[in-house]
A.B. asks: 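Attaching a single structure in structure tokens format; questions to follow.
This structure is a prediction, so every number in the text was calculated from the model and none was measured.
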Amino acid sequence: MRVGLFGGSFDPVHRGHVEAVAAARRALELERVIYLPTASPPHKPDRRLAPATARLAMVELALLDEPDLVVSDFELTPGDPAYTSASIEHFRRLHGEPPVLLVGQDSLAELPGWRRWRDIVEQAGLGVLTRPGFDREATLAAAPSELRAARRAGRVRFVENEPVDVSSTALRALLAAGAEPSPGQVPDLVLKYLRKYPNLYA
Ligand code: ATP
């Protein structure tokens, strides 16, 4: 089965995480996209995240109406930084085909800092989601030549999704200030969850 993998902190999940990925699934003809909330992002070791159980629960709630978008706890091993290359290998074995790794445009710019990034591009195709504020050509121009070569070879594909201008950082700031996100920013059930647990980001 041809699947996509979509990793992140999802702290908290928002509409950008759902709508851009739903568009990518259709554009890249993936049967399923598996969201992989991460326990402690190897590239953000100093940031304290909301509990993994809460982030996982919110991703599940955000995806309830999306039968082809699912969540896995594969990267949620506490104290064991999850490396994308290991997840790609796991899901390749499970589904018998190399997965496509979905990343936002900002993450594409950071990719050359990831452990074994060349292997990641080799192991999996890359689907890059449009994210407001990031320029595709500028990112590619600044990227190592292997990434540009991978694009020419069709291993890096850009998805023309409708841009959704929301970030988890902005949502955490809003929630910490005691304000409520708008329904345009987070799915309704996630909003209900955030109301039920007001101390998550206090
Ligand atoms: P933070 O603000 O905490 O860095 P984030 O909003 O970037 O969070 P992450 O959980 O870090 O969310 O992102 C997971 C993946 O989703 C990354 O590949 C990121 O680039 C992508 N992404 C996040 N927000 C958007 C968006 N609005 N549109 C498209 N892609 C996005």
Side-chain angles (χ1 to χ4, degrees), residues 1-38 41 43 58-59 62-72 84 87-88 91-92 95 97-114 117-118 120-171 181-188 190:
M1 186 196 294
R2 189 94 169 131
V3 302
L5 302 180
F6 186 52
S9 317
F10 305 116
D11 191 27
V13 68
H14 54 65
R15 279 199 191 276
H17 293 135
V18 182
E19 283 166 29
V21 169
R25 191 193 73 76
R26 290 189 297 269
L28 303 177
E29 298 180 335
L30 303 170
E31 283 178 61
R32 183 183 296 168
V33 176
I34 302 165
Y35 284 58
L36 294 167
T38 186
H43 57 291
M58 286 189 280
V59 174
L63 303 180
L64 268 189
D65 287 335
E66 301 283 349
D68 304 314
L69 308 183
V70 299
V71 65
S72 159
T84 304
S87 300
I88 291 172
F91 286 100
R92 186 189 65 74
H95 295 289
E97 273 192 73
V100 173
L101 182 69
L102 302 180
V103 294
Q105 269 173 326
D106 53 316
S107 299
L108 181 70
E110 291 172 2
L111 183 76
W114 294 10
W117 74 268
R118 289 181 178 83
I120 292 175
V121 178
E122 192 63 35
Q123 284 172 308
L126 240 58
V128 185
L129 314 174
T130 300
R131 186 170 187 180
F134 296 90
D135 182 314
R136 167 188 312 190
E137 296 308 326
T139 302
L140 277 171
S145 58
E146 291 104 310
L147 217 48
R148 289 194 294 277
R151 188 204 187 181
R152 286 194 295 277
R155 299 194 54 72
V156 176
R157 293 172 65 186
F158 286 87
V159 178
E160 303 294 342
N161 54 282
E162 192 71 44
V164 185
D165 194 6
V166 51
S167 75
S168 299
T169 303
L171 289 172
S182 72
Q185 293 175 304
V186 297
D188 294 344
V190 175

A.B. asks: To the closest 0.5 Å, what do you measure between NE2 (H17) and CG (L129)?
C.D. replies: 9.5 Å
A.B. asks: Looking at every heavy atom in both L30 and G4, which two are closest together, and how far apart are they?
C.D. replies: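 Taking every non-hydrogen atom into account, CD1-CA, 3.8 Å.
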A.B. asks: Only counting residues at least two apart or in another chain, list the ones meeting side chain to side chain donor-acceptor pair (under 3.5 Å) with D106.
C.D. replies: R131
A.B. asks: Which word best sums up how the rings of F10 and F6 line up, parallel for under 30°, tilted for 30 to 60°, or perpendicular for over 60°?
C.D. replies: tilted
A.B. asks: What is the distance from atom CG of L5 to atom CZ of F91, rounded to the nearest 0.5 Å?
C.D. replies: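 Here the rounded value is 6.0 Å.
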A.B. asks: Are R15 and E162 within salt-bridge range, i.e. N to O under 4.0 Å?
C.D. replies: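 Here R15 does not pair with E162 in a salt bridge, since their nearest N and O are not under 4.0 Å apart.
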A.B. asks: Take D68 and R25 through the side chain to side chain contact (heavy atoms under 4.5 Å, CB included) test and state the conclusion after the steps.
C.D. replies: CA-CA 8 Å; D68 304 314; R25 191 193 73 76; 3.3 Å; yes
A.B. asks: Answer yes or no: is there a side-chain heavy-atom contact under 4.5 Å between I88 and P98?
C.D. replies: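 Not in contact.
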A.B. asks: Salt bridge or not for R151 and E137, using N-O below 4.0 Å?
C.D. replies: yes
A.B. asks: Roughly how far, to the nearest 0.5 Å, is the OH atom of Y35 from the CG atom of L63?
C.D. replies: 5.0 Å
A.B. asks: Please report the closest heavy-atom contact between P99 and A124, naming both atoms and the distance.
C.D. replies: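 In terms of heavy atoms, the two residues are closest at O-CB, 3.1 Å.
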A.B. asks: Looking only at heavy atoms, what is the nearest atom pair of A27 and R157, with distance?
C.D. replies: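 Smallest interatomic distance, heavy atoms only, reads O-NH2, 4.0 Å.
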A.B. asks: Take L111 and L126 through the side chain to side chain contact (heavy atoms under 4.5 Å, CB included) test and state the conclusion after the steps.
C.D. replies: CA-CA 11 Å; L111 183 76; L126 240 58; 3.7 Å; yes
A.B. asks: Are any side-chain N or O atoms of T130 and backbone N or O atoms of Q105, one a donor and one an acceptor, separated by less than 3.5 Å?
C.D. replies: no
A.B. asks: Write down the atom of G127, the atom of V100, and the distance for their closest heavy-atom approach.
C.D. replies: N-CG1, 3.8 Å
A.B. asks: With heavy-atom distances below 4.5 Å as the criterion, would you say the side chains of V128 and F134 are in contact?
C.D. replies: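 Answer no - side chains too far apart.
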A.B. asks: Would R118 and E146 count as a side chain to side chain contact (heavy atoms under 4.5 Å, CB included) here? Give the steps.
C.D. replies: CA-CA 8 Å; R118 289 181 178 83; E146 291 104 310; 2.4 Å; yes
A.B. asks: Nearest 0.5 Å, please: how far is CZ in F158 from OG1 in T139?
C.D. replies: 7.0 Å
A.B. asks: Taking E97's backbone N and O only, do any of them form a donor-acceptor pair with H95's side chain (distance below 3.5 Å, no angle check)?
C.D. replies: no
A.B. asks: Return yes if some donor-acceptor pair links the side-chain N/O of R32 with the main-chain N/O of V70 below 3.5 Å, else return no.
C.D. replies: no
A.B. asks: Considering non-hydrogen atoms only, spot the tightest contact between A170 and S167 and give its length.
C.D. replies: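 Heavy-atom minimum between the residues: N-OG, 3.1 Å.
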A.B. asks: Hey, is the main chain of P12 close enough, under 3.5 Å, to the side chain of S168 for a donor-acceptor pair?
C.D. replies: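 Present.
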A.B. asks: A side-chain contact here means heavy atoms from C-beta on lying under 4.5 Å apart; do L108 and L147 qualify?
C.D. replies: yes
A.B. asks: Measuring from L69:CG to E19:CD, what's the distance to the nearest 0.5 Å?
C.D. replies: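 One finds 11.0 Å between CG of L69 and CD of E19.
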A.B. asks: How close do Q185 and H14 get, counting heavy atoms only, and between which atoms?
C.D. replies: O-CB, 3.3 Å
